[in-house]
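Proteins come first, then strands; the chains are lettered A, B, ... in the order of their sequence lines, and each starts at number 1. Note that the structure is a prediction, hence the values are computed from the model and not measured.
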Amino acid sequence: MIQFISGQSFLDFIALICLTLGWYIQRGKKGGWAIAVLLAGATALIWVSAGKGGIDKLAIFIVLMSAVTLVCYALRWLLVRLVPLSLVPIFRSAPLTTMFGFLVIGACLLMIIFAPHIAPFSESEVVSTAYAPADATYWLGTDQLGRDMFSRIVFGGRHSILLSLTATVVAFFLGMFAGLFAAIRGGFVDQLFGRLADVFMSVPALILALLLLSILGTNLAVLVGVVAAIYVPRIFRLTRSVAAGVVVTDFVEASRVRGEGDWYLIRREILPNTAAPLIAEFGLEFCYVFLLIAGLSFLGLGIQPPMADWGSMVRENAVLISFGDITPLIPAMAIALLTVGVNFIVDWMLKLTAGLKDNS
Amino acid sequence: MLIVSFLIFFALELLPGDLAHAVLGQMATDDTVAAMRKQLGLDVPAIIRYFYWLEGAVHGDFGTSLINKADVGHAIFGRLANSFFLAGFAAIIAIPLAVSLGVAAALFRDTLFDKAINVASLTAVSVPEFLLGYILVLLFAVWAHVFPPMADIKDHAEFGERLYRSFLPAMTLVLVVTPHMMRMTRAAIINLLASPYIEMARLKGTPPWRVIVWHALPNALAPIINVVTLNLAYLITGVVLVEVVFVYPGIGQLLVDSVSKRDFPIVQACCLIFAATFIVLNIAADVGSIMTNPRLRRPK
Amino acid sequence: METGDKRLLEIRGLRIEAVAGDAVSEIVKGVDLNLNRGEVLGLIGESGAGKSTIGLAAMGFARAGTRISGGRIMFDGQDLRAATDAQLRALRGARIAYVAQSAAASFNPAHKIIDQHVEAPVLHGYQSRAAAQEDGIKLYAKLRLPEPDVIGFRYPHQLSGGQLQRAMTAMAMACRPDLIIFDEPTTALDVTTQVEVLSAIRDVVEQFRTAAIYITHDLAVVAQMADRIKVLLKGEEVEEAATEQMLAHPKESYTRKLWAVRSYERPEKSRVSDTSQPELSIRGLEAGYHHGPKVLHNVSFDLHRGMTVAVVGESGSGKSTTARVIMGLLPATSGEIRLRGEALPPSFRARSKDQLRRIQMIYQSADTALNPRMRVSEIIGRPAQFYANLKGAALRSRVEELLSLIELDPAKFYDRLPPELSGGQKQRIGIARALAADPDIVICDEVTSALDQIVAEGILRLLDRLQSEIGLTYMFVTHDLATVRAIADEVVVMQRGCVVDSGRKSEIFAPPHHPYTAQLLASEPKMDPHWLDAHKKIQGLSLERNEFS
């Protein structure tokens, strides 16, 4: 299939470029010229350094990007028609990047739920020789032990994502309540929690993770615990600062001086007003947790074999890079895709709530 | 800072099971365990050992490595220099790049340029460092044969040679750190441009370039310095991963290796150094913000 | 009217739109404006009338999110809408200048005052830097700023609000513009500071024969400053006339309503009997923040049943602090508070539920006083539920009863959220929330200060009515003497944390006065256009003394 495209890559390439640029320039946007210049420069560079092979790859890349863009347009069109009326303007004005995010998250959800049905083989079954190339049975080839890459990716995704999700939820729960409590109580409790958080945050996440994991070993429960513990202070800090902004308002003071208890204040006054930034933060922290776990696995300290995991898969197959094979990059790109997708959606949510704040 | 060192040391002391057991592994019998403990100095209570360690640390003596019995300090020193070189290289490129892109994006807000930069930076932020590293290796080392895939620096390599070999890892770091800095700079500048005194300057008929250079920039220094120093701290984390990808002989690689080999003195020392750098940078950020805020420099 | 001269500013059919994403709404709907050289036009209206927007349009400027969509703006024969950016820049600062509402925010905190002052004349090529600096110092002296030689060389955060406002006026005058637009310059200032700034502005405007557009919502202020007054309502002109004529014979009903606001006055009530026990009695209150210096010194006064005591003072006088101490939010360090003879613990945490119920507070800014995510029914219902354990149908009927009491239709407002409501409506909800607890005493902390004048009057009338119907006791904290005159029975005057004067309203407002009270009364702008001149003659050099306070 790849041969087919590259055979005609040159023509596709030129046609696509001219179409897109013509459209942009015709709409009067100056950016169109900038992109044209950029593309021309990139093409020239690649031609010079990598010859026709490089141009082929560039062409594939551009075709892929255009296809994805079209799918995103389609998705937005679809969503606008499916969503209840009050939400329509929000979705109509959502940028394409958000649609991309939805696509990615949707795909991952499907993958997690239907993993055993999608993957043709199990994650640890040795099915062929090591490093077999991609073909009809083994869609992405096999890894260094002869296990099917595709199945490993599916299962690996499930493990990585669920693990990160758990860690994020735990961290969020602890951090959020600590933050809310500190904001309400103020004084000594606030100072104490704050100092503790500072101490933990004074060591960069990865380093701290390495330290703790080297002591405590690397079984799953420990991993979740350590990662959660690392992110609790960050969530605490954020929740506390957002909540502190709400706590000093007149309406919270009015409730307090009425004699209301802490629990009522948290539940009815503070949480509803802090929900939006917290939800966005949840998405962001999930990304960080996910990247950390992937990074740890990449370094050999996260999820242990034979459990599949995207990070360790990168490391195991790293040798292939020197031969120009991109197989080891596939799990890495999967990591990137999911993170990018979540980030796009969080970005969109933040823009929405910022707008709401101005209008309230 | 003291608390952090305390924490690191005691974290290691909380080892479930015995240090001696761990080291001896299969060969542990009661006698050998006792002997090992004596040798490692574990029979002295923990607190006293902590102070011995601190004292040693201040003098640059971190004890001996468990594995190769060499002096820890010596092993670290050369690598530390390498890591700093790499980080410095990356920082010199990244900071001006990120700040100028951020300022440009803020000025041309909502144009295609800005939107493209936003998407690109959001993507770059989400991509793990090792992916970036490998992509660069793929592009430049394998396909284009421009740079070597592994940064193989000898101790006495020449400066030019060093630059060449560490170019890819440095580029990776630049790509890791720049988007963060750029986004924060952009946000800070946009916030600034909405200030009433900027509007006032425009209403006085001030030409746009002067509005930016004379009015906006002096007030932007504080948030930008804050952003830059915070991100330099983030650079530290990136260093570890990048060094592993490129097999660069730096302190990050050392840390990772020692962790898998359970070489505790080295782990302790490396963590301490990282933590110290992080803290120093944070303090520098605070000091920087204070110095650039005229309100704090000249109180009423 | 000089018919020979070309008009300085001529605006015809001005239309300005606000653009937010796809939504476009018109905020100025076809306004005409004429201004001759040396004339001062007062633009008056409530918030949302479009006065600031029109003022900025006179410079050809539209804030972000707005655009000038129609009409003609001619400045000295030049069409501002057709002008290029460069041409507009040449005009701004040089021939048309702008004085903003908040001087503190309009000065660049990173540069000295004098540097910002000389920027305009130097950039426009009018003067050399040295000459501009000298001129600046002379202007500071004319505007009666303290230490004019030195003050320019300070940073904005080192000057007070009133000083900054005058420095900004000086900056606007630097190029001797033909037109200055004053956008609510004294709204954020204390009454006594306001007088200084107003007379300083009047002087320089007269001296340099500058034309001015004076934008404000305060009628008495506009009466002092303007030759002609134009009344605006929701982006349209209501009426325009020369000041004296406008004040004496307003034509439109809206104008008359505006003028009437200042004259609302409820007759004073006297105590039931002089010997009855007061509802609330505070003696010798002292308080401070966090081991800092004391902010209240030996504050004592009484509240009697069914009366309204107005606690009046400028910012920093301690009036709001007193309210917070009474509520228990800031525990007093010494002194006592007695509620019908019963001593109250200093901190609200130590008080019983019933004690907390009996004193309720209404806040100044309704935007922050109501939880934006809580429905009206819950905002009002919660105190009833909390204190009286009302539930279900009983609770609902109580909420509806309260809504009717505050003159809001229960059917329409039961399920609303605060961001959907207007400022006046939100303030009424705040009142209902306080009433829902069935209190004995209600503390009103500057409840009308943030509202437009007509709306504020509505609130005052409502509070009055509620007092007669339910028999509440009010402690009314305010800085505005007109409000005091309107609703108080007794007055307590505070300055710098001390009670300097107290007594019945009629006593306080009649001479002989305590010196500070006299100063407050004298500084309050009256509707008489000649008041400012008379004030200046009386105060004379004592004005300079006041600047240092």
Side-chain angles (χ1 to χ4, degrees), chain B residues 99 103 105-112 114-115 118 185-227 287-300, chain C residues 21 52 55-56 58-65 85-112 115-126 153-160 164 168 171-172 174-175 177 180-181 183:
Chain B
V99 171
V103 172
L107 289 177
F108 295 110
R109 189 141 80 113
D110 285 338
T111 57
L112 196 63
D114 183 38
K115 288 200 189 124
N118 266 331
T185 310
R186 178 182 173 278
I189 304 258
I190 285 184
N191 209 23
L192 206 72
L193 286 177
S195 308
Y197 57 84
I198 298 284
E199 182 181 89
M200 192 69 201
R202 292 211 183 103
L203 288 172
K204 283 200 297 192
T206 320
W209 63 267
R210 188 176 155 97
V211 171
I212 295 172
V213 173
W214 198 77
H215 281 274
L217 229 41
N219 287 294
L221 279 181
I224 288 182
I225 288 184
N226 208 26
V227 163
V287 169
S289 333
I290 292 181
M291 286 199 358
T292 49
N293 185 344
R295 256 182 256 238
L296 294 171
R297 264 190 299 155
R298 280 160 230 250
K300 278 200 201 200
Chain C
S52 279
L56 286 170
M59 300 178 75
F61 186 82
R63 276 212 175 108
D85 278 342
Q87 288 172 324
L88 283 174
R89 275 206 299 275
L91 278 180
R92 291 177 192 154
R95 299 190 62 199
I96 317 180
Y98 180 79
V99 174
Q101 178 169 2
S102 165
S106 301
F107 273 107
N108 190 329
H111 293 292
K112 298 193 191 124
D115 290 333
Q116 299 181 53
H117 178 100
V118 304
E119 189 180 8
V122 169
L123 274 179
H124 288 286
Y126 281 31
F153 295 93
R154 300 214 181 105
Y155 284 89
H157 66 273
Q158 293 172 300
L159 271 67
S160 75
L164 277 176
M168 187 156 65
M171 189 162 76
C175 294
I180 299 187
I181 299 166
D183 196 346

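- A distance of 13.0 Å separates CE of C:Met59 from CZ of B:Arg202, quoted to the nearest 0.5 Å.
- Contacts with chain B were tallied for C:Gly93, C:Ala172, C:Ala105; C:Ala105 has the most, counting heavy-atom pairs under 4.5 Å.
- When all heavy atoms of B:Met200 and C:Ala100 are compared, the closest pair comes out as SD-CB, 4.5 Å.
- When all heavy atoms of C:Pro109 and B:Tyr197 are compared, the closest pair comes out as CD-CE2, 3.5 Å.
- Looking at B:Ser195, there are no atoms closer than 4.5 Å to chain C (heavy atoms on both sides), in backbone or side chain.
- Contact annotation for C:Leu56: only side-chain heavy atoms (C-beta onward) come within less than 4.5 Å of a heavy atom of chain B.
- For C:Asp115, the parts lying near chain B are the backbone and the side chain together; criterion is any non-hydrogen pair under 4.5 Å.
- The residue among C:Met168, C:His124, C:Arg154 with the most heavy atom pairs within less than 4.5 Å of chain B is C:His124.
- Taking CG of C:Leu123 as the reference point, atom OG1 of B:Thr206 lies at 6.0 Å (rounded to 0.5 Å).
- C:Met171 places a side-chain heavy atom less than 4.5 Å from the side chain of B:Lys204.
- Distance CH2/B:Trp214 to CD/C:Glu119: 5.0 Å, rounded to 0.5 Å.
- A heavy-atom distance below 4.5 Å is not found between the side chains of C:Gln101 and B:Pro196.
- Proximity to chain B (any heavy atom under 4.5 Å) is restricted, for C:Phe107, to the backbone atoms N, CA, C and O.
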